[in-house]
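In this chain, residues are counted from 1 in sequence order. We count ligands from 1, going down the list as the structure has it; atoms in each ligand are counted the same way.
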Amino acid sequence: MNESTSTVYVRRRAELARLIGPDGIAIVPTASEKRRNRDSDFLYRHDSYFYYLSGFAEPNAWLVITGEGETILFCQPKDTEREIWDGFRLGPSAAPEQLALNAAFSIAELETRMPALLDGRKTVWYPFATHPGLETQIGGWLSSLRARVRYGALVPEQQGDLCRVLDEMRLFKDSGELATMRRAAAISAGAHVRAMQTSARMLRAGQEVREYHLDAELLHEFRCHGSQAPAYGSIVAAGANACVLHYRADNGLVRSGELVLIDAGCELDGYASDITRTFPANGRFSGPQRALYELVLASQEAAIAVTNSGARFTEPHDATVRVLAQGMLDLGLLDQNKVGTLDDVIEKRAYFQFYMHRTGHWLGMDVHDCGAYLEPGEIGTVHERKDPLSGETIKDRPARILQPGMVLTIEPGLYVRAAQGVPEQFHNIGIRIEDDAVVTAAGCELISRGVPVAVAEVEALMRDAALRAR
Ligand code: GLY
Ligand code: MN
Ligand code: MN
């Protein structure tokens, strides 16, 4: 880690120390390694909070930050034999200089050192409900400290949720984070372009195309550009599979004349991207496909137009719903005689049959990134209402006000399952269009538009690829 890189982590740790106050102590473990089956582990991925504060990606590590700003790492000790099998370990001797910390110890010393580190602190901060067993482990340290009160030990009397503090910090991305996210989105956009082109080219050449062929193209592009892994399980859904919201790339046949929905984004240096495109497998939209696609795109444009600093987080969703609901009436997906006017459709949530998810989420180190969706200063303002579909009582609180540096997705969709009363020409069509937006002072910056969305541009891209196949 060079000087300027470590400065970022030093700054974040100092800010955290300031927020927890001088009588606090923060404890942050990284993620544990996970067994996949027998001797094989899942690809290791560090904990996002831990990495945000340390930039350290090895497993078996804990970070401790005192309210005075002292920073201590527990990490894997150097071990020639283990390093032959598993790879390089930084080790406690090199860690303080390399990571700009005050001290580092072997992870083997965690249990013995933690009670003393907790002694005299008023509040112990750690991420609640994120690491199974963490509460018990910290409880054990507190209890061994309590056993020493006769000798003058002072046991913390409060526990605080570190997620609440770190979520707020992570919600606002700094310029380095935004630069990484722009690069991640650009790589993912290139991967979507590649998948579109491959679909058109293979079908044109008369080859059988399966969902996994397109998944392979995504992975190829991610890895060729330095991404460590997909940020989440890629969805490559051909035809009716697109109506299954959590479908994963499988072996479905990609048929000429059907649409393909791809929701895939790479993770780059700890940051996610999240892009969805829906395109005709052969490069030409049919009339009904195009009608639905244009509607989803119009709803996304409406959402983008209100994604501004000062708007509420819910405004893009509300804008999307209005456009989609009107389109459902216009296209006959909803029968006005049954569901009433546009306002009735929105009020009774009749659109939910075809649009059943929210229009976006925070994006950052985690694909569904942390950060409060409610405006912190207004959580006491509660408005109760009955949900028109479930009858449940819903507590509405004022949504978060968007500010520069926040990053969110804008991802409207339409999913038309075959059902009575639904025009047959739209059956089994699933469409989502998803872009990544950075809130700016002037509006928002879409960082994922390296892959086109306009019908003519998607068709042109795929036509060129298919022609090159000849
Ligand atoms: N890919 C996950 C999502 O779109 O929310
Ligand atoms: Mn998303
Ligand atoms: Mn997505």
Side-chain angles (χ1 to χ4, degrees), residues 45 48 170-171 173 181-182 184-196 211 214-215 217-219 221-222 227-238 241-250 259-268 270-279 293 296-297 299-301 303-304 307 313-317 319-321 324 354-371 373 399-400 402 406-415 430-439 444-453:
R45 167 58 158 74
S48 296
R170 282 175 53 189
L171 183 55
K173 276 72 181 175
M181 292 187 74
R182 284 190 191 95
I187 294 169
S188 299
H192 279 262
V193 166
R194 193 178 167 106
M196 286 177 183
E211 290 162 346
L214 306 185
D215 191 31
E217 297 297 322
L218 299 168
L219 266 175
E221 193 76 5
F222 290 173
S227 152
Q228 290 77 13
Y232 54 91
S234 301
I235 295 172
V236 179
N241 294 337
C243 293
V244 179
L245 294 182
H246 288 162
Y247 188 82
R248 294 286 283 270
D250 203 344
L259 295 177
V260 183
L261 182 156
I262 296 185
D263 182 345
C266 71
E267 180 174 295
L268 181 72
Y271 287 84
S273 53
D274 184 8
I275 303 180
T276 307
R277 288 293 182 268
T278 310
F279 57 90
Y293 185 91
V296 176
L297 188 55
S299 78
Q300 197 206 29
E301 277 158 11
I304 292 166
T307 303
F313 175 80
T314 40
E315 286 182 46
H317 179 70
T320 287
V321 163
L324 287 178
F354 306 110
Y355 184 48
M356 59 298 277
H357 59 76
R358 303 289 292 184
T359 304
H361 50 81
W362 304 131
L363 182 70
M365 292 186 142
D366 299 317
V367 64
H368 291 177
D369 206 30
C370 58
Y373 286 94
R400 191 78 197 226
L402 300 180
M406 294 176 172
V407 184
L408 67 157
T409 64
I410 305 176
E411 49 177 307
L414 269 182
Y415 312 91
I431 295 169
R432 180 164 62 255
I433 303 172
E434 176 174 27
D435 281 290
D436 304 343
V438 179
V439 180
C444 72
E445 173 196 350
L446 297 179
I447 59 175
S448 47
R449 282 290 172 93
V451 51
V453 280

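Under the 3.5 Å distance criterion, the side-chain polar atoms of Arg432 are left unmatched by any main-chain donor or acceptor of Glu411. Ser448 contributes a side-chain N or O that, together with a main-chain N or O of Asp436, makes up a donor-acceptor pair within less than 3.5 Å.
Glu221 and His192 share no donor-acceptor pair across their side chains, judged by distance under 3.5 Å alone. Side-chain polar atoms of His357 and Tyr415 form a donor-acceptor pair below 3.5 angstrom.
Every atom of ligand 1 is numbered from 1 in the order shown, and the set under 4.0 Å from a heavy atom of Glu434 is 4 (O). With ligand atoms numbered from 1 in the order given, ligand 1 contributes 1 (N) to contacts under 4.0 Å with heavy atoms of Tyr232.
Of all heavy-atom pairs spanning Gly430 and Ala242, the tightest one is O-CB, 3.6 Å.
Looking at atom 3 (C) of ligand 1, its nearest protein heavy atom turns out to be Asp274 OD2, 3.3 Å.
Residue His368 does not count as close to the Mn ion (ligand 2), with no N, O or S atom under 2.8 Å. Look at Asp274 and the Mn ion (ligand 3): an N/O/S atom of the residue is under 2.8 Å from the metal. One of the N, O or S atoms belonging to Glu411 lies under 2.8 Å away from the Mn ion (ligand 2).
The atom name of the N/O/S atom in Glu434 closest to the Mn ion (ligand 3) is OE1.
Considering backbone and side-chain atoms alike, Arg432 places every N or O at 3.5 Å or more from each N or O of ligand 1.
For His368, the heavy-atom gap to ligand 1 drops under 4.0 angstrom.
Between Trp362 and Tyr373, the ring-plane angle classifies as parallel under the 30° and 60° cut-offs.
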Inset, instruction - Run the numbers on Asp366 and Arg170 for side chain to side chain contact (heavy atoms under 4.5 Å, CB included), then give the verdict. - result: CA-CA 10 Å; Asp366 299 317; Arg170 282 175 53 189; 2.9 Å; yes
